[in-house]
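Let me begin by presenting the structure, written as structure tokens, before commenting on it.
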Amino acid sequence: MFSKVYTRRELHEAVLLAGLLLEEGIARALKHLLKHPRPATCDMLQLCHSHGMPSSHTSMMFAYLAITSCITLQLWRRRATVTRLMAAAEQLAVAAAAVGVGASRIYLGYHSSEQVLAGALLGCMFGVVWFCVMRLLEPEYDMLSRWQLLRKLGVKDTWGVGEPLAVEAAAFSSSSKAKSA
């Protein structure tokens with residue numbers, strides 16, 4: 001996610017990253033608050049030195065899945081058919097990755113199925129709430145993207161744009177034509 005924020009320099013991607021970091025903090029705080037032990041298999045491996053409820057790996061993945069799913073649904077009508085198909089494929093891949101992370105935590109013995117389920121539920125709930133926060137911040141994105149420092153860093157605001165790559169391609173094309181003229 002850090003590399004995506006750095007390379008794309010999208011303001012809403014940075015806000016999404018901030019949400020994921022906040023979600024990780026909440027999951028870790030819940031682990032310390034609940035003090036739910038990890039499964040016995042984890043103790044046998046002598047790799048587990050913290051509590052297990054909820055699974056923060058699973059929680060993070062499901063939060064990302066929930067946020068990106070909400071964004072995909074928000075932009076669905078503004079996108080061309082090919083972009084919709086690509087977005088659907090991306091969401092299926094993220095969902096498979098989230099389920100895979102949860103299953104691997106159980107398989108490797110780091111978490112019980114209850115801890116993974118709690119992480120998935122926490123992540124989904126947080127993801128939907130954070131998407132609503134991102135929507136509430138929508139009026140601020142344009143204002144923030146006009147800040148001199150952010151402009152120098154190349155930060156842009158494409159929140160709500162159905163085809164951001166097409167917009168960028170058009171801007172690049174017109175910039176290239178202007179330079180060659």
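For this chain, numbers begin at 1 and follow the sequence in order.
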Legend entry - Distance, nearest 0.5 Å, that separates OG1 of Thr81 from CG of Leu85: 7.0 Å
Legend entry - Nearest-0.5 Å distance, CD1 of residue Ile26 to CE of residue Met60: 10.5 Å
Inset, instruction - Please round to the nearest 0.5 Å and tell me the distance separating atom OG of Ser69 and atom CG of Leu92. - result: 9.5 Å
Legend entry - Spacing of CG belonging to Leu121 relative to CZ belonging to Phe126, to within rounding of 0.5 Å: 15.0 Å
Inset, instruction - Locate the shortest heavy-atom distance separating Ser113 from Ile106; write the atom from each residue and the value. - result: CA-CD1, 3.6 Å
Legend entry - Verdict with reasoning, Phe131 to Leu16, per side chain to side chain contact (heavy atoms under 4.5 Å, CB included): CA-CA 8 Å; Phe131 172 75; Leu16 191 154; over 6 Å; no
Inset, instruction - Using side-chain contact (heavy atoms from CB on, under 4.5 Å) as the criterion, point out the one residue from Val94, Val99, Ile67 that pairs with Phe62. - result: Val99
Inset, instruction - Tell me whether Ile71 is reachable from Leu20 by hopping between hydrophobic residues (I, L, V, M, F, W, Y) whose side-chain heavy atoms are closer than 4.5 Å. - result: yes
Inset, instruction - Determine whether Leu122 and Leu33 fall in the same hydrophobic cluster, where Ile, Leu, Val, Met, Phe, Trp and Tyr are linked whenever their side-chain heavy atoms lie under 4.5 Å apart. - result: yes
Legend entry - Short side-chain donor-acceptor distance under 3.5 Å, Gln115 and Ser55: no
Legend entry - Joint hydrophobic cluster, Tyr64 plus Val133, side-chain heavy atoms closer than 4.5 Å: yes
Legend entry - Between CG on residue Leu65 and OG1 on residue Thr58, distance to nearest 0.5 Å: 12.0 Å
Legend entry - Option from Lys31, His111, Arg105, Met61 for which side-chain contact (heavy atoms from CB on, under 4.5 Å) with Ser56 holds: Lys31
Legend entry - Non-hydrogen atoms of Ala66 and Gly127 that approach each other most closely: CB-CA, 3.8 Å
Legend entry - Pairwise distance CG(Leu17) to CG(Leu22) - rounded to 0.5 angstrom: 11.5 Å
Legend entry - Smallest separation among heavy atoms of Arg28 and Glu24, with atom names: NE-OE2, 2.7 Å
Inset, instruction - Could you tell me whether a side-chain N or O of Arg84 sits under 3.5 Å from a main-chain N or O of Trp76, the two making a donor and an acceptor? - result: yes
Legend entry - Qualifying residues under side-chain contact (heavy atoms from CB on, under 4.5 Å), relative to Ser104, sequence neighbours excluded: none
Inset, instruction - For the pair Trp130 (side chain) and Val15 (backbone), establish whether a donor and an acceptor sit closer than 3.5 Å, ignoring hydrogens and angles. - result: yes
